[in-house]
Amino acid sequence: MSREKILAAVAKNKPDLTPLPEIQNFGNPYANLVEQFKAVLTAIGGEVVYVKDWEEIRAYIQTHFGGRRIVTNIDPLADVAQESWIKSDPHSLEDVGLAILKGQFGVAENGSIWVTETEMGQRVTPFIAETLALVIQKSELVPKMHDAYIRIGGERYGFGAFIAGPSKTADIEQSLVLGAHGPKSMLAFLME
Amino acid sequence: MNHADAAEKFNKDFDRTTWHDETLWWVRQKRDRAAFAIPEWEQLRETASQIKHNVLSNLDNYLIEFEKNAQKNGITVHWAADAHEHNQIILSILKSQGVTEIVKSKSMLTEECHLNPYLTENGVEVIDTDLGERIVQLADEPPSHIVLPCIHWKKEEIGVLFHKHLGTPEGCADPVLLTHAARANLREKFLTRRVAITGVNFAVAETGEFVVCTNEGNADMGAHLADVHIACMGIEKIIPKREHLGVFLRLLTRSATGQPITTYSSHFGKPREGQQMHIVLVDNGRTVQLGREQFRNSLKCIRCGACMNTCPVYRRSGGHSYHNAVAGPIGAILAPNLDMTKNADLPFASTLCGSCSNVCPVKINIHEQLYEWRQELTKSGHSPTAKTLSMKVMSAVLSNPTVYHLSGKIGRFAMANAPFVVNNSFNPWFKQREMPEPPKESFGEWYKKNRGEK
Ligand code: SF4
């Protein structure tokens with residue numbers, strides 16, 4: 001009932017049809033996408049670690065995150081983390097200390113990384129972990145959001161997110177605090 | 001209480017007014033730095049405005065397209081003609097689940113619909129999970145800003161509030177400690193509530209997905225842990241295609257807080273396995289505004305808050321003085337559409353300086369619309385009485401040259417010889433101002449003497 005009422009009112013009151021503008025992508029102003037990405041992500045509270053291979057990531061995790069509950073769905077890292085969490089109740093991820101997930105690509109202009117449900121394993125994983133680590137290839141960086149959506153194209157996903165740094169808030173007198181509800185820290189492994 | 005009286009109350013605390021003013025100006029400056037770093041900024045604004053214009057001109061078809069695609073994705077779509085129907089739909093979903101406790105992330109639409117009091121009256125406990133909203137909720141207040149809900153609160157006051165409700169140590173005013181206390185408390189809610197409500201920043205007709213932007217990750221913590229996710233959106237939040245998100249996500253946070261993007265820009269396409277996902281499409285006066293040619297552009301608003309941060313009146317009068325869910329310049333345009341009598345004062349709460357229109361990422365002609373509303377309200381007999389009276393006097397004076405010159409003389413004489421006649425609290429211009437030194441002669445007199453004889 002309300003549906004028809006609303007649609008009829010819109011039809012009656014809407015202005016004459018105007019065309020959609022062309023979406024330009026405004027080119028790439030960045031000489032070095034990796035440096036631009038790193039600078040922005042660092043400025044918004046994230047951390048960037050350059051690595052050659054999975055072996056280096058494994059070593060980094062062992063030195064920095066020993067003793068915590070680690071989850072991942074990345075095969076080469078199976079030995080430092082559990083994989084059985086993927087089918088469990090999402091609430092049981094409450095005590096995850098570190099989640100290591102793959103990202104599809106990064107965006108240089110804002111330091112964000114595109115991750116979909118497939119890479120997340122569970123939708124809540126990148127939000128509930130105390131630290132989130134996302135792994136992307138250095139070659140998988142695009143300059144701007146326009147390029148990002150060209151890259152995503154018509155992909156079907158149940159859920160996807162651009163993630164830019166750790167969870168944060170500035171609601172108390174505009175002081176920036178990392179770790180509002182989600183990760184208190186976030187790092188991006190940029191792989192050769 | 002009307003805007004002027006409420007603002008006067010806010011202004012009693014001089015230091016707080018100054019602090020409020022400076023804090024928001026600082027946010028405005030961050031916006032400037034972010035915008036100036038993008039060479040194509042003006043083109044982006046123009047593109048965004050044109051996309052939104054196309055949306056308004058084809059809204060019914062986009063809504064139908066969105067509905068079809070969302071349903072295909074397994075999302076249940078509801079339509080609500082007004083606030084009451086929106087609230088009823090939500091309550092009925094909660095009842096069908098047998099749920100009496102929920103979490104809610106930020107949604108100005110639910111504020112507009114007064115969802116919280118409605119659910120409370122019906123025995124449902126609502127926990128707002130955005131930290132700023134949680135603070136005002138604990139204080140039993142509405143948000144005073146659409147992006148920075150507790151911008152009017154000082155950390156010491158939040159410390160007292162949290163000591164009372166969350167058991168933080170007495171006298172603690174450290175933002176890190178206070179935030180982490182709220183984090184611990186809210187985590188327990190996320191983990192135990194079975195229904196989560198979120199707002200919607202953008203809904204894409206082409207794909208049937210919707211996007212929610214937060215820095216805290218609270219929308220995601222709620223939605224991904226709950227059995228049922230209900231998203232609420234005004235019908236104007238539709239955009240045609242996914243690629244248009246590239247334009248809006250570049251503009252939104254740069255305009256809001258100067259950030260390059262929110263921490264999380266979450267794209268909800270389908271419910272997760274075993275989960276229910278609902279979306280409520282709400283009109284509540286939007287189709288009426290669509291039909292008002294001079295005001296329909298206000299429906300392009302993406303709720304970034306930039307117009308508030310820059311507004312000299314908002315900064316010095318505080319969000320609550322606008323007595324409407326959306327405060328500031330854009331709120332002053334939207335509010336009279338909802339209720340002309342109650343909100344007739346709001347379009348007058350502006351200097352018409354145009355700063356709001358200059359920063360608006362979708363190029364809404366905000367100050368012109370405020371001016372339009374003033375005329376509209378005066379014509380239809382809704383304008384605030386004091387303003388109408390002084391306007392009548394002014395128009396009588398301005399339309400009669402003899403009276404005009406005479407009253408100028410009297411005014412100058414009075415200001416020079418009897419300043420107490422104007423420097424008193426009956427003259428609204430004297431509030432927060434010294435009256436200027438009166439000129440010895442009027443421009444007309446000066447002109448006659450110096451140029452008139454030529
Ligand atoms: S009117 Fe423009 S500046 Fe104001 S909140 Fe809306 S989009 Fe932002």
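Sequence lines set the chain letters: A, B, ... in the order given, protein chains first and strands last, and positions in each chain run from 1.
- For a residue to count as touching a neighbouring chain, one of its non-hydrogen atoms must lie under 4.5 Å from one of that chain's; by this rule B:Gln289 does not touch chain A.
- For chain A, the nearby part of B:Arg296 is the side chain; its heavy atoms alone come within less than 4.5 Å.
- A:Ile128 and B:Arg187 make their closest contact through O-NH2, 3.1 Å (heavy atoms, listed as atom of the first residue, atom of the second, distance).
- The shortest side-chain heavy-atom distance between A:Ile6 and B:Thr287 falls under the 4.5 Å cut-off.
- A 6.0 Å sphere centred on CD of A:Glu4 holds more than 12 heavy atoms belonging to other residues, nucleotides or ligands.
- Shown here is B:Gln294, whose CD atom has more than 12 heavy atoms of other residues, nucleotides or ligands within 6.0 Å.
- For B:Lys189, no part lies near chain A; criterion is any non-hydrogen pair under 4.5 Å.
- In this structure, no portion of A:Lys12 lies under 4.5 Å from any heavy atom of chain B.
- When B:Arg250, B:Lys155, B:Gln50 are compared by the number of non-hydrogen pairs under 4.5 Å with chain A, B:Arg250 comes out ahead.
- Atom CG of A:Asn110 is separated from atom CZ of B:Arg254 by 6.5 Å, given to the nearest 0.5 angstrom.
- For chain B, no part of A:Ala148 is nearby; none of its heavy atoms comes within less than 4.5 Å.
- Contacts between B:Thr23 and chain A at a heavy-atom distance below 4.5 Å involve the side chain alone, from C-beta outward.
- Annotation: maximal heavy-atom pairing with chain B below 4.5 Å, among A:Pro126, A:Ala164, A:Ser112, occurs at A:Ala164.
- Interface residue B:Leu131: backbone and side-chain heavy atoms are both found under 4.5 Å from chain A.
- The contact between B:Leu290 and chain A is made by backbone and side chain atoms together, counting heavy-atom distances below 4.5 Å.
- Interface remark: B:His78 contributes no atoms to any contact with chain A (heavy atom separation under 4.5 Å).
- In B:Lys154, the NZ atom is crowded: over 12 heavy atoms of neighbouring residues, nucleotides or ligands sit closer than 6.0 Å.
- The OG atom of A:Ser167 lies 8.0 Å from the CG atom of B:Asn218; values are rounded to the nearest 0.5 Å.
- Ranked by heavy-atom pairs under 4.5 Å with chain A, the list B:Glu133, B:Arg242, B:Met221 is led by B:Arg242.
- In this structure, no portion of B:Glu46 lies under 4.5 Å from any heavy atom of chain A.
- A:Ile152 contributes atom CD1, which lies 12.0 Å from atom CD of B:Glu243 (distance to the nearest 0.5 angstrom).
- When each of B:Ser265, B:Gly291, B:Gly132 is checked for heavy-atom pairs under 4.5 Å with chain A, B:Ser265 comes out on top.
- Looking at B:Asn73, only its side chain comes within 4.5 Å of chain A, counting heavy atoms on both sides.
- The salt bridge (Lys or Arg N to Asp or Glu O under 4.0 Å) contacts involving residues 257-275 of chain B comprise nothing, where partners must be two or more places apart or lie in separate chains.
- Only the side chain of B:Pro240 has a heavy atom closer than 4.5 Å to any heavy atom of chain A.
- Scanning residues 18-27 of chain A against chain B with a 4.5 Å heavy-atom cutoff picks out A:Thr18, A:Pro19, A:Leu20, A:Pro21, A:Glu22, A:Ile23, A:Gln24, A:Phe26, ordered by number.
- Most heavy-atom pairs under 4.5 Å with chain A: of the set B:Gln43, B:Gln259, B:Glu293, this distinction falls to B:Gln43.
- B:His244 touches chain A through its side chain: at least one heavy atom from C-beta onward sits under 4.5 Å away, while N, CA, C and O do not.
- Taking each heavy atom of A:Gly165 and B:Thr263 in turn, the nearest pair found is O-CG2, 3.3 Å.
- To the nearest 0.5 Å, atom NE2 of residue A:His146 and atom CG of residue B:Leu245 are 11.5 Å apart.
- Atoms OH and CG, on A:Tyr149 and B:Leu249 in that order, are 4.5 Å from each other to the nearest 0.5 Å.
- Between A:Pro166 and B:Tyr264, the closest heavy-atom pair is C-OH, 4.2 Å.
- Residues of residues 40-66 of chain A placed with any heavy atom under 4.5 Å of a heavy atom in chain B are listed by number as A:Val40, A:Ile44.
- Proximity to chain B among residues 171-187 of chain A is limited to A:Asp171, A:Ile172, A:Glu173, A:Gln174, A:Ser175, A:Val177, A:Leu178, A:Gly179, A:Ala180, A:His181, A:Gly182, A:Pro183, A:Lys184, judged by heavy-atom separations below 4.5 angstrom.
- A:Val10 is not listed as a side-chain neighbour of B:Tyr62, based on a closest heavy-atom distance of 4.5 Å or more.
- Using a 4.5 Å heavy-atom cutoff, the side chains of B:Gln275 and A:Arg123 are in contact.
- Top candidate by heavy-atom pairs under 4.5 Å with chain A, chosen from B:Val176, B:Leu281, B:Val211, is B:Val176.
- The minimum heavy-atom distance between A:Lys14 and B:Leu56, with the atom names listed, is CB-O, 3.4 Å.
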Run the side chain to side chain contact (heavy atoms under 4.5 Å, CB included) check on B:Leu63 and A:Arg3 step by step: do they pass?
CA-CA 10 Å; B:Leu63 286 167; A:Arg3 177 184 188 275; over 6 Å; no

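- A distance of 4.5 Å separates CG in B:Asp220 from CZ in A:Phe159, rounded to the nearest 0.5 Å.
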What verdict does the side chain to side chain contact (heavy atoms under 4.5 Å, CB included) test give for B:Thr179 and A:Lys168, after you've listed the backbone C-alpha separation in whole Å, the side-chain angles of each residue and the deciding distance to 0.1 Å?
CA-CA 10 Å; B:Thr179 300; A:Lys168 61 170 88 64; over 6 Å; no

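- Heavy atoms of B:Val27 lying under 4.5 Å from chain A belong exclusively to its side chain.
- Heavy-atom distances place the backbone of B:Ala80, and not its side chain, under 4.5 Å from chain A.
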Going through the distances and angles, do A:Lys144 and B:Glu40 end up as a side chain to side chain contact (heavy atoms under 4.5 Å, CB included)?
CA-CA 12 Å; A:Lys144 295 181 177 170; B:Glu40 64 268 24; 2.6 Å; yes

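- Here A:Lys5 does not pair with B:Glu85 in a salt bridge; the nearest charged N to carboxylate O distance is not below 4.0 Å.
- The aromatic rings of A:Tyr157 and B:His267 stand perpendicular to each other, their planes meeting at an angle above 60°, with 30° marking the opposite boundary.
- Chain A forms the most heavy-atom pairs under 4.5 Å with one residue out of B:Ala81, B:Ala223, B:Pro39, B:Gly217, and that residue is B:Ala81.
- Residues B:Thr207 and A:Arg156 have side chains in contact (heavy-atom distance under 4.5 Å, counting atoms from C-beta outward).
- Chosen from A:Ser2, A:Ala11, A:Gly153, A:Pro15, the residue pairing most often with chain B at heavy-atom distances under 4.5 Å is A:Pro15.
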